[in-house]
Amino acid sequence: MPNSTEKHAPANFIRHMIDEDVSQNKWGGRFATRFPPEPNGYLHYGHAKSICLNFGLARDYGGQCHMRFDDTNPEKEEQEYVDAILDAVRWLGFDWGEHQFFASDYFDRLYALAEFLIQQGMAYVDSQTAEAMREHRGTHLIPGQNSPFRERSVVDNLDLFRRMKAGEFPDGAHVLRAKIDMASPNFNLRDPVLYRIRHAEHHRTGNLWCIYPLYDYTHCISDALERITHSICTLEFEDHRPLYDWVLDQLAPQLGWHPQQIEFARLNLTYVVLSKRKLIQLVESQAVDSWDDPRLPTLVGARRRGFTAAGFQLFTDRIGVSKADSWIDMSVLEECMREDLNLNAERRIAVLNPIKLIIDNYPENLQEDCFAPNHPLKPELGKRAIPLSKELWIEREDYMETPSKGFFRLYPGNRVRLRYAYVIECTHADYDANGQLLTVHAEYLPDTKSGTPGSDSVKVKGNIHWLPVKSVEACEVRLYDRLFSVPHPGTEQDFMLDINPHSKQIIQAWIEPALTGAQAEERFQFERHGYFVADRVDSHVGKPVFNRTVGLKDTWGKTHA
RNA sequence: AGGGGAGUCGCCAAGUGGUAAGGCAUCGGAUUUUGAUUCCGACAUUCGCAGGUUCGAUCCCUGCCUCCCCUGCCA
């Protein structure tokens with residue numbers, strides 16, 4: 001739940017419009033938005049922007065955001081998607097209370113209003129084929145032509161429309177059209193179709209209906225019925241607004257409510273694709289494992305990836321809302337997740353690419369507890385003991401036989417601190433016959449144990465993590481990276497060819513025992529690596545599987561990769 | 001071509017007739033037992049271009065350029 005310390009979202013043109021409305025008491029103190037997905041697919045990062053916007057405004061203006069499904073196309077929509085969408089919105093932290101609606105709940109009223117339009121001479125039944133309608137629609141240069149059925153009598157129209165509803169005609173035989181202006185420069189006003197015949201089973205109304213209303217007719221009326229004040233949608237609906245207003249103007253006596261449609265620029269993110277068509281292609285071609293693949297920019301994918309609701313909220317506030325087409329770099333989203341995770345994820349140790357380190361001057365059977373804080377920013381979260389002994393696992397990357405310029409970790413003759421333990425000095429390394437690194441050797445400095453007086457009398461630049469060979473657990477870790485290797489997939493070649501071949505790497509890692517009890521979806525920072533989450537599908541207490549959410553910022557690695 | 005939109009720092013984004021907020025990124029520097037975090041400092045004589053109005057224009061006017069959306073019985 002939001003609290004007063006939360007940073008208020010920055011000013012934007014929508015908030016200015018609302019402020020103006022409020023100052024003029026345009027809506028009589030009411031404030032209502034809605035999030036209106038079609039239940040025909042999974043929500044993605046772009047929807048998160050819309051969700052945070054609509055629910056965020058409702059929260060800040062003391063109103064309500066309705067959860068509404070735009071389910072007017074029976075052939076594409078399924079209950080499975082309804083459930084997944086609800087789940088995703090809830091996961092993002094929003095609560096719509098009792099305000100859950102379906103456009104299909106309004107089919108009766110929509111139908112009655114359509115009859116009213118017919119009676120007013122504002123709608124007619126057209127019996128042209130789809131092809132004929134297309135031909136008569138005209139082009140940018142040529143105005144459309146009236147349908148030969150445009151002047152049917154009200155009586156005939158009503159009769160036909162009722163018989164359409166009664167199921168007397170096959171799909172496509174007739175449609176109901178608004179009578180507006182076939183010569184309008186705005187195609188949406190060239191007598192748009194309001195209803196079509198579809199003998200298809202609807203996920204909620206079953207076979208009750210065989211005629212279904214279209215978006216332009218349904219959406220504005222749904223908004224009015226729910227007394228929405230601000231109907232916020234994306235830019236491509238901007239030239240639908242005259243139609244939105246036309247329908248509500250015709251129906252003003254019946255509805256008595258006319259929401260304001262406001263359009264904003266949809267999210268464009270680098271290194272991913274957000275179009276439904278492309279996401280489907282990625283899943284169906286098995287380029288990714290499933291709709292909740294952590295690499296996919298779906299919200300279910302984000303959740304498995306370990307992204308957080310707070311991170312999305314931060315992201316939404318950070319990128320703002322405007323009408324300018326813009327591209328947000330993926331690093332902005334990643335940084336928002338780091339920001340949240342840095343504050344909230346406990347620290348643990350994992351060695352992802354192990355090499356053995358032997359401390360030659362450390363007693364064979366000695367074992368000393370070293371204490372690692374669970375969160376450096378929150379000492380109240382306590383510490384845990386990690387037993388130090390002679391043989392340890394360290395990261396392969398922390399050793400270099402011949403160090404490159406600036407490298408200050410392990411190499412013969414150099415000293416580093418074993419995090420939370422002693423300073424050691426590297427002596428040499430063993431290699432096998434093929435020149436493969438086998439073991440790194442070092443000697444420890446007995447007076448330098450962390451936490452003991454004078455322990456930092458020996459200054460070192462490097463600080464590496466480690467795990468005792470004697471007490472580690474093996475664990476599957478999935479290293480996820482960006483799905484595409486170029487910022488704008490599909491510009492140079494087919495977007496499928498831009499897929500990053502290294503976007504998923506499965507490794508066996510050593511983890512500290514404290515990690516084996518991780519609960520599904522529990523998040524940690526693996527020190528010096530990044531943020532990881534126990535996979536909510538494959539992870540089990542006692543046998544966790546971790547997904548890398550995002551790496552730590554790495555200013556050295558970035559320039560020395 | 002007709003209609004609808006948009007162009008302010010590398011990326012977002014406020015602002016508005018009175019002389020360019022903020023965030024992110026970047027670059028310095030400090031702290032640091034995560035090459036992380038944190039902290040401090042630097043960072044648009046300029047608001048797509050060209051004219052005009054004005055004492056004064058990113059904001060008003062005119063013309064131009066560039067980009068996005070629109071001819072589903074999808075949403």
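Values below: every heavy atom of this structure, side chains too, minus hydrogens, waters and symmetry copies. Lettering follows sequence order; numbering is per chain, from 1. Because the structure is a prediction, the values reported are computed rather than measured.
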Encode nucleotides 65-75 of chain B as B, S and - characters from 5' to 3', where the letter depends on protein heavy atoms closer than 4.0 Å: B to the base, S only to sugar-phosphate, - to neither. ---SBBBSBSB

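The same atom, C1', is picked in B:U58 and in B:U45; the two are 13 Å apart, to the nearest Å. When the C1' atom is used for both B:C74 and B:U37, the distance is 48 Å, rounded to whole Å. Atom name C1', nucleotides B:A14 and B:G56: the rounded distance is 23 Å, in whole Å. When the P atom is used for both B:G17 and B:A57, the distance is 14 Å, rounded to whole Å.
One can place CG of A:N342 at 14 Å from P of B:G35, the figure rounded to the nearest angstrom. Taking atom CG on A:D245 and atom C1' on B:G4, their separation rounds to 14 Å, with Å as the unit. In this structure, the CG atom of A:L243 is 16 Å from the P atom of B:G4, given to the nearest Å. If you take CG of A:L352 and P of B:U34, they are 18 Å apart, rounded to a whole angstrom.
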Starting at the 5' end of RNA chain B, write a dot or bracket for each base, bracketing those in Watson-Crick or G-U wobble pairs whose two distances are under 3.5 Å and using | for partners on another strand. .((((((..(((.....[...))).(((((.......))))).....(((((..]....))))))))))).....

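Checking B:A13, B:C12, B:U34 against the side-chain heavy atoms of A:S322 singles out B:A13 as nearest.
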Review item, nucleotides 26-31 of chain B N/O atoms under 3.5 Å of protein N/O:
unit_1, atom_1, unit_2, atom_2, d
B:U26, OP1, A:K558, NZ, 3.3

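Annotated as syn: B:G72, whose glycosidic dihedral is within 90° of 0.
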